[in-house]
*Asks:* 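Here you go, one structure.
A, B, ... follow the sequence lines: proteins, then strands. Residue 1 opens every chain.
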Amino acid sequence: EKTDFSVCWSIYVGWMPWGYLQDSGIMKKWADKYDISVDIVQINDYVESINQYTAGQYDGCSMTNMDALSIPAGGGVDTTALIVGDYSNGNDGIILKDKTELAEIKGQTVNLVELSVSHYLLARALDTVGLSEKDLTVVNTSDADMIAAYATDDVTSVVTWNPLLSEIEAEANATKVFDSSGIPGEIIDVMMVNTETLADNPAFGKALTGAWYELMTLMSSDSDEGAAARTAMAEASGTDLPGYDAQLATTKMFYAPAEAVAFTESDELPDTMKFVAEFLFDNGILGEGAPSPEFVGVAFPDGSVFGDEGNVKLRFDTSFMKMAADGSL
Amino acid sequence: MRIINLRPGRLTSLALGIVPFAGVIIAYAVASHYRRLENPADKLLPSLEKMGEAFWRMAFVPDRRSGDLLLWLDTFDSLMRLGVGMAVASLLAITLGIAIGFIPHVRSSLAPFLATFSLIPPITILPILFISFGLGEVSKIALIVIGTAPVMIRYTAQSVLDIPREMIIKAETLGASVWQMITRLVLPQVLPKVISCLRLSLVPAWIFLISAEAIASTSGLGYRIFLVRRYLAMDVILTYVVWITLLAFVLDRLLLALSKRAFSWNHLERDSL
Amino acid sequence: MRIINLRPGRLTSLALGIVPFAGVIIAYAVASHYRRLENPADKLLPSLEKMGEAFWRMAFVPDRRSGDLLLWLDTFDSLMRLGVGMAVASLLAITLGIAIGFIPHVRSSLAPFLATFSLIPPITILPILFISFGLGEVSKIALIVIGTAPVMIRYTAQSVLDIPREMIIKAETLGASVWQMITRLVLPQVLPKVISCLRLSLVPAWIFLISAEAIASTSGLGYRIFLVRRYLAMDVILTYVVWITLLAFVLDRLLLALSKRAFSWNHLERDSL
Amino acid sequence: MTHETKLSVQNLFMSYDGAPILERVSLDVSEGSFCTIVGASGCGKSTFLRLLLSQERASRGKILLDGTPLPEEPTPDRGIVFQRYSVFPHLTVAENLILANEFEASPITGRLFGSARKEALCEIEPLLERIGLNQAANRYPAQLSGGMQQRLAIAQALIKRPKVLLLDEPFGALDPGIRADMHELLHDLWRELNMTIFMVTHDIHEAFKLGTRLLVFDKVRHDPQAPEAYGATITYDLPIKANDRGDADLVALASGEKPNTAADS
Amino acid sequence: MTHETKLSVQNLFMSYDGAPILERVSLDVSEGSFCTIVGASGCGKSTFLRLLLSQERASRGKILLDGTPLPEEPTPDRGIVFQRYSVFPHLTVAENLILANEFEASPITGRLFGSARKEALCEIEPLLERIGLNQAANRYPAQLSGGMQQRLAIAQALIKRPKVLLLDEPFGALDPGIRADMHELLHDLWRELNMTIFMVTHDIHEAFKLGTRLLVFDKVRHDPQAPEAYGATITYDLPIKANDRGDADLVALASGEKPNTAADS
Ligand SMILES: Nc1ncnc2c1ncn2[C@@H]1O[C@H](COP(=O)(O)OP(=O)(O)OP(=O)(O)O)[C@@H](O)[C@H]1O
Ligand SMILES: Nc1ncnc2c1ncn2[C@@H]1O[C@H](COP(=O)(O)OP(=O)(O)OP(=O)(O)O)[C@@H](O)[C@H]1O
Ligand SMILES: [Mg+2]
Ligand SMILES: [Mg+2]
C-alpha cells in the first residue's frame with residue numbers, strides 16, 4: 001500500500017499552478033485529507049521530466065497529449081490523462097522574419113524543437129497551405145536558445161511556444177503567420193499519471209484533482225487572492241503579472257472541471273489523437289518498430305479505442321474530473 | 001637585448017595586464033551602444049548601468065515571491081554543490097590515483113577502464129544519472145564528480161608515476177612499508193599536484209554544475225540563468241556570468257594560496273602561471 | 001615482495017583489465033533484464049540485442065525521412081566540427097602559449113586575461129556567441145574553441161616556462177635569435193606537450209560539440225542524441241554513447257601514436273598512462 | 001674484519017632490450033671489503049649496482065648475499081646513494097634524516113610526534129654537524145646547492161647502518177675539502193659497522209684511497225662494426241693493500257692501462 | 001698569447017633575496033688565461049659563472065669584457081657547460097652539434113637541408129670521434145649515460161669557438177680515461193683558439209693540471225651565529241706555472257690550506 005506520491009512538472013504557462021499548489025500548501029491540505037502525501041517537484045527541462053516519469057521515478061507528470069503518446073505510452077508505460085488542464089489557443093505559433101504570409105515559408109530553414117508540438121503545429125500549418133515538410137528545412141534548436149537564435153541573421157523563421165513566442169513576436173521584423181488557435185484543441189496540456197498507480201490508489205487521483213480545481217477557482221477569480229496567486233506563478237516563471245496574463249490569454253484554461261470533462265468527451269479528441277499518431281508514425285517515433293500509426297492503443301472516456309486494442313497504453317479518463325465537477329471530492 | 005630577457009617592471013606589468021580587460025569592456029560598451037541606438041529596448045547587449053542595476057536587484061532587493069536575496073541564495077546553493085562535488089572528486093583522485101599510479105596490479109586493472117570511462121561525455125548519460133541518483137542534490141553532485149574525477153584520477157596517477165623511481169627505491173632501503181611510502185612520500189609529493197589539478201578542474205566543474213542546475217533545480221546560479229534565458233534577460237545573465245567568473249577566480253587564488261602555504265617546498269624552484 | 005614491485009604478466013594484466021568492463025556489462029544486462037521483466041517495452045535500459053539492432057538500423061538502414069545512413073552522416077559531421085575546432089584550438093595554443101610562456105611582456109599582458117577568460121563557463125554566454133558567429137557551423141566550432149583553447153594555451157605556456165632556463169641560455173650562447181629559439185627549441189619541445197594536452201582536451205571538446213549540436217543543428221552525434229532523447233530512445237542514445245566513446249578512444253590512440261612516432265625522444269624515459 | 005664471503009656474483013648477464021650490457025661477471029666479496037668500481041662511461045657500472053640492489057633482475061646468473069639469493073627487492077640491509085634524486089624534496093634536511101627512524105618507530109603513521117620527534121631530531125645533530133649541514137637543517141633540498149644535496153643523500157643512506165652500502169659516484173659533486181671529510185666519515189663508518197661497500201667513482205685516486213679492492217669494468221670483446229654487440233665484464237680485479245693507497249705508480253698504471261672504448265672507436 | 005686584460009671584475013657584490021652570496025670580488029684576467037675555480041660547496045662558484053655569462057645581474061660592481069661592460073644577456077662569445085640540462089633532449093647527438101651552425105646559416109628556419117646539412121654533419125665527424133660519440137651520433141640524449149651526455153655538452157659549447165668559455169664542473173661525471181681525453185681536447189682548443197677559460201671543479205688535481213691560475217672562493221668573514229650573514233670572495237689567487245702542474249706538494253698545500261666552512265661550523 002503506497003501513501004507517498006510524487007508528480008513532476010516543468011515551467012509552462014498552463015502548468016505554473018502545480019508549483020503554486022506545492023508552495024501555497026493547497027496540495028498538502030488535500031493530501032492530508034486523503035491521508036497520503038504528494039510531493040510536487042519542478043524539473044526545469046521538460047523532456048527530462050517526461051523521461052523521469054517514464055522511467056518510473058514519478059507517479060505523474062504534466063505533458064502534452066502528443067508527448068504522452070510518444071514517450072510513456074510508446075515506451076510501454078500505461079498512462080492515464082487525469083486532469084486535462086488546457087489546450088493551446090495561440091500559445092504556439094510560427095513566426096517569419098520580414099515576411100507576412102505562411103506560404104512564404106517555402107524553401108526556408110525553420111528553427112524549432114524537432115519532434116515537439118512545434119513540429120506538429122508546423123506540419124498541420126503546412127497542410128493548410130498545401131505544403132509539406134519536404135518544402136523546407138527543419139533545424140533542431142533548443143527552446144532555451146530560441147530567442148537568441150532569432151536575433152541572428154541566419155534565422156528567418158521559427159516555430160515556438162510562449163513565453164518565447166511573445167518575446168520574439170515583439171521584435172520589429174517578426175510576424176506571426178500561424179498559431180495554435182488555427183488548430184484549437186489539438187495541443188492539449190494534461191497531468192498524466194501512471195494507470196496502475198491510479199487504479200491501486202484512487203486517493204492519489206482524488207487529492208490531485210481536488211487540489212487542482214480548488215486552485216483553478218481561486219486563480220480565475222478577480223479577487224486579490226486570485227491576483228496574488230497569479231502573480232506568484234508569474235514570478236516563478238520569470239515574468240510579471242501582465243506578462244503571465246498575456247500568456248494565459250492565448251491558453252484555453254479549463255478552470256471549471258465540467259468544461260474539461262466536456263472537452264475530453266467530445267468527438268474531436270479521437271480525431272486529434274489520430275492526427276497525432278500519424279504524425280508520430282511518419283517521423284518514426286511511435287515506439288519501437290511500430291508497424292502502423294495504430295500500434296499504440298488510445299482509449300477514450302466512452303470506451304472506444306483508437307489503434308491496437310491489445311496494446312492500450314494511453315487512456316483518457318474523466319471520472320476524477322467528474323467527481324470534481326460534482327463536488328464529491 | 002632579446003625580448004625574452006626583458007622583464008617588465010611592476011607597473012608596466014600591471015598596465016599591460018589591464019589592457020585586454022579594458023579592451024573587452026570598451027568593445028562591449030561600444031557594441032551595446034550601437035545596438036541600443038538601433039533599438040533602445042535591445043535586450044541582447046544591455047548597457048553597463050543596466051547590468052549594475054540587475055546586480056543590485058539580485059543582490060540587495062528581496063525577491064517579491066520568496067523574500068530571499070536571490071544572488072546570495074543562488075551562490076550559496078551552487079557553492080555547496082560545487083564544494084561537495086569537488087571534495088568527493090579530490091578524494092577519489094587521491095585514493096584511486098595513488099592506487100593506480102603506485103600499485104601495478106591496480107594499474108593493470110583500472111587504468112584501461114578509467115581511460116575509457118573518462119571518454120564518455122557525461123551529459124549524454126544524464127538521463128541515466130538522474131534515474132540512478134534521483135533529481136535531488138545527489139545527482140547534481142554526481143554529475144560534477146563523474147565529469148571531473150576521471151581526469152583528476154588520471155592526472156594524479158601520472159604524478160605518482162612521475163616520482164623518480166630512485167626515490168621509491170631509496171625509501172625501500174630505508175625500510176618503508178608500502179603504506180608508509182604512500183603516507184610519507186607519495187601523498188605529500190602528490191598533494192600539490194592534486195591541488196593544481198583541482199584548480200584546472202574548477203572550470204569543467206562549473207560547467208557541469210550549471211548544466212545540472214539547468215535541468216533539475218529550483219535554486220543556484222545555473223538555475224537562475226536558465227530561468228531568465230527564456231526572456232533573454234541578458235542583464236541578469238551577464239551579471240551572473242561575471243559573478244561566476246569572479247567566484248571561480250577567487251576559488252582558484254584560494255587554492256593556489258593554500259598550496260603555497262601547505263607545500264612551500266613545491267614552489268621553490270620555478271615560475272608558474 | 002612488496003606489492004609495488006610485483007608486476008603482473010601480460011595475461012594477468014589483460015585479465016585484470018577486462019574485469020571492470022565485464023562487471024559493468026553484466027551489471028547492465030542484469031538491471032536491464034529485471035526492468036524488462038516488469039515492463040517489456042521499457043525504454044530506459046534496453047537489452048543488448050536491442051542496442052545491436054539500433055546500431056544496425058542507424059548504420060546500415062537508410063532513414064525513412066531522408067534516406068541517409070544516419071550514423072555515418074552524424075559521425076562525419078561531428079568529426080568535421082571536432083577536427084576543425086581542435087585544429088584551431090591547437091593553433092591558438094601553440095602561438096599564444098609560446099608567446100605567453102616565452103616573452104615576459106606578452107605574459108604580463110595576456111596571462112591574467114586568459115586566466116580570467118578561461119573561468120567563464122562558455123555555455124552561459126551562448127547568446128553572445130550567436131550574434132558574433134551566427135547560428136551555423138562557425139558558432140559550433142567557436143564553442144569548441146572557446147571551451148578548450150584557454151586551458152590548452154595555459155598548459156602550453158606552462159610547458160614553455162618549464163623548459164630549464166639553462167637550455168635557453170645555452171641556445172643564446174650558440175647564437176640563436178628569439179625566432180630561432182622558438183622554432184628549433186621551444187616548439188619541438190612543446191609540441192609533444194600540446195599533443196598530450198590535446199588528448200586531455202578531447203573529452204571537454206566532445207562535451208562542447210554535443211552541447212553545440214544540441215542548440216541548433218540538423219545532423220551530428222550530439223544532435224541525434226538530443227533528438228531521440230525526446231522519445232527516450234535509450235537504445236539509440238546508448239549506442240551513440242558507446243560509439244562516441246569508441247571514436248574518442250581511437251582519436252586518443254591515434255594522437256598517442258602520432259606523438260610516439262614524431263617525438264620519439266619524448267617517450268624514452270618513463271612510463272605513461 | 002672477517003673474511004667470510006659476504007656477496008657472491010656468479011656468471012651474471014644483463015641486457016636491456018636485447019643489447020647486452022654486462023656479461024659473465026663473477027665475483028666473490030668478503031665481508032668488510034670496500035670495492036671501488038671504475039670503468040668507461042656507459043659501460044654498465046650503475047647497472048651493476050642496480051643489480052646488487054635488486055632494483056633490476058639479471059637476465060642470467062646469480063647473486064648470493066650471505067650465501068642466500070638476494071631478496072627480490074631493495075631492503076634496508078643494502079643502502080644506496082644515487083647520482084641524482086636521492087633525497088626527498090618535500091622534507092627538510094632534518095626530516096630527511098629522521099625519516100628512516102620514523103618508518104621504524106611507527107608502522108602506521110610513519111611519523112613521530114612531540115618528544116619522540118624531538119629526540120630523533122637531537123640524535124641526528126652530530127651527523128648533521130659531521131656533514132656540515134647543521135645550519136641548513138630546516139631548509140628544503142631545493143634550497144641547497146648540488147653538493148649540499150649530495151652530502152645529505154650520503155648521510156641519509158648511512159643512517160640505517162646497512163651491511164652493504166652501494167654508492168654511485170657519491171662524491172662527484174663535492175669540493176675537495178668536504179670530500180675529504182666525507183671520505184673520513186665514510187671510512188669511519190665502514191670500519192665501525194663492518195660494512196661491505198661498493199662504490200662507483202671516476203676518480204682513480206679516490207678509488208685507491210678508499211678501496212680495499214679495485215674492480216675495473218670493460219668490454220673484453222669488441223666488434224668495431226657493432227660496438228653494442230658485447231657487454232662489459234670485470235677486466236681487472238686488484239686488491240689494494242693499505243700501504244698501496246696513494247701509491248702514485250699504481251695510480252698511473254691503473255689509469256694508463258685502463259682500456260678506453262672512446263679512444264678505440 | 002697576449003697579456004692584455006680580457007676580463008675585469010670590479011668589486012662585485014651579489015645577493016639572493018637579501019642573503020649575500022659574493023662580496024667584494026675583484027679580478028683581472030688576461031686573454032688566454034685558464035682560471036680554475038675551487039671552493040666549498042654552496043659558496044657561490046656557480047653564481048660567479050652565471051654573472052660572467054650575464055645570466056644574472058650583479059647587485060653591485062662591474063664586469064668588463066675587453067674593457068667594455070658585459071652585454072646584458074648571454075652571447076656566443078661566451079660558451080657555457082652547466083652541471084645539468086646542457087644538451088637539447090629533442091635533438092640527436094649529431095643534431096645537437098650542428099645546431100649552432102644551423103642558427104648561423106639560416107636565420108629564418110634555423111635549419112639546414114639537403115647537401116648543406118650533409119656537409120654540416122660531415123664537419124662534426126672529427127669532433128664526434130674526439131669525444132667518442134661517433135657510434136651514438138643518431139641517439140637522443142636520454143639514450144646516453146650521464147657521462148656521454150656531459151661529453152656532448154662540452155663538445156656543443158666548444159663548437160662556436162667562444163672567446164670566453166665557462167665550465168661548471170664539466171668533468172664531474174666522467175671516468176678518468178675519457179676525462180684525460182677531454183682534458184686534452186679542451187687544452188688543445190684553448191691553445192688553438194686562445195680562449196679565456198673559467199672552470200669550476202672540485203678536483204684540485206684537475207685544477208692544477210689544466211689551469212694557469214687558481215681562484216679559491218671562500219668567506220673571509222664568518223659570524224658563527226649567522227653563517228649566512230656574509231658572502232664569499234676570492235681568498236687565494238695563485239698563478240700556476242707550467243712546471244707547477246702536477247706538483248704534488250703544491251697540490252697537498254692547496255687542498256690542505258683551503259679553508260673549509262663545513263669544518264668550521
Ligand atoms: N633503462 C635502460 N634502458 C635501456 N638502456 C639502458 C637503460 N639504462 C641504461 N642503459 C644503457 O646501458 C648502458 C650502461 O648504462 P649505465 O648507466 O650502467 O652506465 P655507467 O657505467 O653507470 O655510465 P656512467 O659512468 O656514465 O654513469 C648504457 O649504454 C646505457 O645507454
Ligand atoms: N636562485 C637562487 N635563489 C636563492 N638562493 C640561491 C639561488 N641559487 C643559488 N642560491 C644559493 O646561493 C649559494 C651559492 O650557490 P651556488 O650554486 O653558486 O654554489 P656552488 O658554489 O656552485 O656550489 P656547488 O659546488 O655545490 O655547486 C647557495 O647557498 C645557494 O643556496
Ligand atoms: Mg652511472
Ligand atoms: Mg655549483
Side-chain angles (χ1 to χ4, degrees), chain B residues 2-4 6-8 12-13 16-17 19-21 44 102-105 108-113 115-116 118-125 127 131 151 154 157-158 161-162 168 172 177-178 181 200 202-204 206-207 210-211 225 232 234 237 240-241 244-245 248-249 252 270-273, chain C residues 2-4 6-8 12-13 16-17 19-21 44 102-105 108-113 115-116 118-125 127 131 151 154 157-158 161-162 168 172 178 181 200 202-204 206-207 210-211 225 229 232 234 237 240-241 244-245 248-249 252 270-273:
Chain B
R2 289 185 183 82
I3 191 163
I4 57 166
L6 286 174
R7 284 175 184 271
T12 324
S13 197
L16 284 172
V19 168
F21 288 99
L44 201 62
F102 206 49
I103 301 170
H105 279 81
S108 296
S109 168
L110 289 187
F113 181 69
T116 312
S118 71
L119 295 174
I120 301 177
I123 45 170
T124 58
I125 52 166
I131 283 149
V151 173
R154 268 180 101 171
Q158 186 62 56
L161 278 176
D162 286 346
I168 305 300
E172 289 179 331
S177 67
V178 171
M181 283 190 250
L200 290 177
L202 272 181
V203 177
W206 274 107
I207 293 174
I210 289 169
S211 310
I225 288 177
L232 202 66
M234 289 303 289
I237 294 181
Y240 266 61
V241 170
I244 288 172
T245 308
F249 180 79
D252 185 67
R270 56 169 70 98
D271 289 356
S272 81
L273 278 177
Chain C
R2 287 185 183 84
I3 193 162
I4 56 164
L6 284 174
R7 287 180 180 265
T12 324
S13 197
L16 283 173
V19 167
F21 289 98
L44 192 71
F102 207 47
I103 302 170
H105 279 81
S108 295
S109 167
L110 289 187
F113 181 68
T116 311
S118 73
L119 295 174
I120 301 177
I123 44 171
T124 57
I125 50 164
I131 56 162
V151 174
R154 268 181 103 169
Q158 185 63 58
L161 278 176
D162 285 347
I168 305 299
E172 289 178 332
V178 171
M181 282 191 251
L200 290 177
L202 271 181
V203 177
W206 275 107
I207 293 174
I210 289 169
S211 309
I225 286 179
R229 199 165 77 97
L232 200 64
M234 289 303 290
I237 294 181
Y240 266 58
V241 169
I244 288 172
T245 309
F249 180 78
D252 184 67
R270 53 170 70 100
D271 290 355
S272 82
L273 278 176

*Asks:* Holding to ring-ring contact (aromatic ring centres under 6.0 Å, His included), I want the full list of residues that pass it with F21(B), two or more places apart in sequence or in another chain.
*Replies:* F113(C)
*Asks:* How far apart are the closest heavy atoms of R7(B) and H105(C), and which atoms are they?
*Replies:* C-CE1, 4.3 Å
*Asks:* Heavy-atom distances under 4.5 Å only: say whether I237(B) touches chain C with side chain, backbone, both or neither.
*Replies:* side chain
*Asks:* Going by the rule side chain to side chain contact (heavy atoms under 4.5 Å, CB included), which residues pair with S108(B) if we only count those two or more places apart in sequence or in a different chain?
*Replies:* P8(C), S13(C), L16(C)
*Asks:* Among the options I225(C), I210(C), V19(C), D252(C), pick out the one with the most heavy-atom pairs lying under 4.5 Å from chain B.
*Replies:* I210(C)
*Asks:* Checking heavy atoms, do the side chain of P112(B), its backbone, both or neither come under 4.5 Å from chain C?
*Replies:* both
*Asks:* Out of curiosity, T245(B) OG1 to L119(C) CG, how far, rounded to the nearest 0.5 Å?
*Replies:* 6.5 Å
*Asks:* Could you tell me the separation between the CD1 atom of I3(C) and the OG atom of S177(B), rounded to the nearest 0.5 Å?
*Replies:* 12.5 Å
*Asks:* If you count heavy-atom pairs within less than 4.5 Å of chain B, which of F102(C), F249(C), Y240(C) leads?
*Replies:* F102(C)
*Asks:* What is the distance from atom OG of S211(B) to atom CD1 of I207(C), rounded to the nearest 0.5 Å?
*Replies:* 8.5 Å
*Asks:* Under a 4.5 Å heavy-atom cut-off, does chain B meet the side chain of I4(C), its backbone, both or neither?
*Replies:* both
*Asks:* With a 4.5 angstrom heavy-atom cut-off, could you sort out which part of I168(B) is near chain C: side chain, backbone, both or neither?
*Replies:* side chain
*Asks:* Is any side-chain heavy atom of V151(C) closer than 4.5 Å to a side-chain heavy atom of V203(B)?
*Replies:* no
*Asks:* I need the residue from A248(C), P121(C), P20(C) with the largest number of non-hydrogen atom pairs under 4.5 Å to chain B.
*Replies:* P20(C)
*Asks:* Once you round to the nearest 0.5 Å, how far does CG of L200(B) lie from CZ of R154(C)?
*Replies:* 6.5 Å
*Asks:* Which one wins on heavy-atom pair count under 4.5 Å against chain C: I120(B), I244(B), L110(B)?
*Replies:* I120(B)
*Asks:* How long is the span from the CE atom in M234(C) to the CD1 atom in I125(B), to the nearest 0.5 Å?
*Replies:* 9.0 Å
